[in-house]
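For this chain, numbers begin at 1 and follow the sequence in order.
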Amino acid sequence: MTSVDEEVRALHAGLLAHWDARDASSYAELFAEDGSLVGFDGSLVDGREAIAAHLAGVFATHPTASYVAIVREVRPLGDAAALLRAVAGLVPPGQQDINPAVNAVQSLVAVRREAGWRAALFQNTPAAFHGRPDLAEALTAELRAELTRVSGRSR
């Protein structure tokens, strides 16, 4: 039997993997029917069908980067809910290094449904660290180390 920690981490990993695969339908299926997505640019999308349509449009018109992420915490919020906090970087298409300008802090509120854990809310917030370049540089270094660890890629 897997733990809540493992299952919620797997949900997060699935979201990132389906993003990387540019698979809007599979990405959206990981959301609760009434789930919400807050994109990097602040876009709010409510409902599984709307999330699929929104991402299909993004994938059709933009080359998207691939994620590298570090989960900071999984915190149960009761028997059927949990919060995951993570940081993430993006490797642009055709490149080997993350783009520090789009590093992000991610929050995932997961809920347990009959079909398993689903995203009730997934928010991807820019890790701008306004006026604190040391924090931005430290996060970039940490994400680069993770990229090297998981893929052997380095800058």
Margin query: The test is side-chain contact (heavy atoms from CB on, under 4.5 Å); show your working for Phe59 and Asp23 and say whether it passes.
Written below: CA-CA 8 Å; Phe59 294 150; Asp23 185 342; 5.8 Å; no
Next item on the list: With side-chain contact (heavy atoms from CB on, under 4.5 Å) as the test, would you mind laying out the steps for Arg144 and Thr148 before giving the verdict?
Entry: CA-CA 6 Å; Arg144 283 181 173 142; Thr148 299; 5.5 Å; no
Item checked: Stepwise side-chain contact (heavy atoms from CB on, under 4.5 Å) test for Asn103 and Ile98 -> CA-CA 8 Å; Asn103 288 347; Ile98 63 169; 3.8 Å; yes
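At least one side-chain heavy atom of His18 sits under 4.5 Å from a side-chain heavy atom of Leu30. The closest side-chain heavy-atom distance from Thr64 to Val58 is below 4.5 Å. Contact of the Asn124 side chain with the Tyr67 side chain is registered, since non-hydrogen atoms from C-beta on lie closer than 4.5 Å. At least one side-chain heavy atom of Arg113 sits less than 4.5 Å from a side-chain heavy atom of Val111. The shortest distance between side-chain heavy atoms of Asn99 and Val91 does not fall below 4.5 Å. The shortest distance between side-chain heavy atoms of Gln106 and Leu16 falls below 4.5 Å. Side-chain atoms of Tyr27 and Phe122, non-hydrogen and from C-beta on, do get closer than 4.5 Å to each other. At least one side-chain heavy atom of Glu7 sits less than 4.5 Å from a side-chain heavy atom of Arg112.
Both Trp19 and Val102 are part of a single hydrophobic cluster, where members link through side-chain heavy atoms under 4.5 Å apart. Under a hydrophobic clustering in which Ile, Leu, Val, Met, Phe, Trp and Tyr are joined whenever their side-chain heavy atoms come within less than 4.5 Å, directly or via other members, Val38 and Leu108 fall into different clusters. Leu44 and Leu55 end up in different hydrophobic clusters when Ile, Leu, Val, Met, Phe, Trp and Tyr side chains are linked at under 4.5 Å. When the side chains of ILVMFWY residues are joined at heavy-atom separations under 4.5 Å, either directly or via intervening members, Val105 and Leu83 end up in two distinct hydrophobic clusters. Linking Ile, Leu, Val, Met, Phe, Trp and Tyr whenever their side-chain heavy atoms come within less than 4.5 Å leaves Leu77 and Trp117 in two separate clusters.
Across all non-hydrogen atoms, the minimal contact from Leu84 to Arg9 is CD1-CA, 4.0 Å. Smallest separation of non-hydrogen atoms from Pro100 and Thr140: CB-OG1, 3.5 Å. Counting all heavy atoms, side chain and backbone alike, Arg75 lies closest to Arg85 at NH2-NE, 4.3 Å. Residue Ala52 comes nearest to Ala24 through the heavy atom pair O-CB, 3.5 Å, listed as atom of the first residue, atom of the second, then distance. Closest non-hydrogen pair, Val74 versus Asp5, comes out as CB-OD2, 3.3 Å. Contact record, His12 with Ala69: CE1-CB, 4.0 Å, taken as the closest heavy-atom pair.
With hydrogens and angles ignored, the 3.5 Å screen pairs a side-chain donor or acceptor of Thr61 with a backbone N or O of Gly57. Checking side-chain atoms of Glu137 against main-chain N and O of Asp134 turns up no donor-acceptor pair under 3.5 Å.
Atom CD1 of Ile51 sits about 12.0 Å away from atom OG of Ser25, to the nearest 0.5 Å. Taking CZ from Phe129 and CG from Leu139, the interatomic distance works out to 5.0 Å, rounded to the nearest 0.5 Å. In this structure, CZ in Arg118 is found 13.0 Å from CG in Asp34, a value given to the nearest 0.5 Å. Taken to the nearest 0.5 Å, the NE2 atom of His62 stands 10.0 Å off from the CZ atom of Arg22. Considering NE2 of His54 and CG of Asp46, their distance stands at 11.5 Å, rounded to 0.5 Å. Once rounded to the nearest 0.5 Å, the distance linking CZ of Phe31 with CZ of Arg48 reads 10.0 Å.
Under a cut-off of 6.0 angstrom, the local environment of CG in Asp41 is crowded, with over 12 non-hydrogen atoms contributed by other residues, nucleotides or ligands.
For Glu142 and Arg72, the salt-bridge test passes: some basic side-chain N is under 4.0 Å from an acidic carboxylate O.
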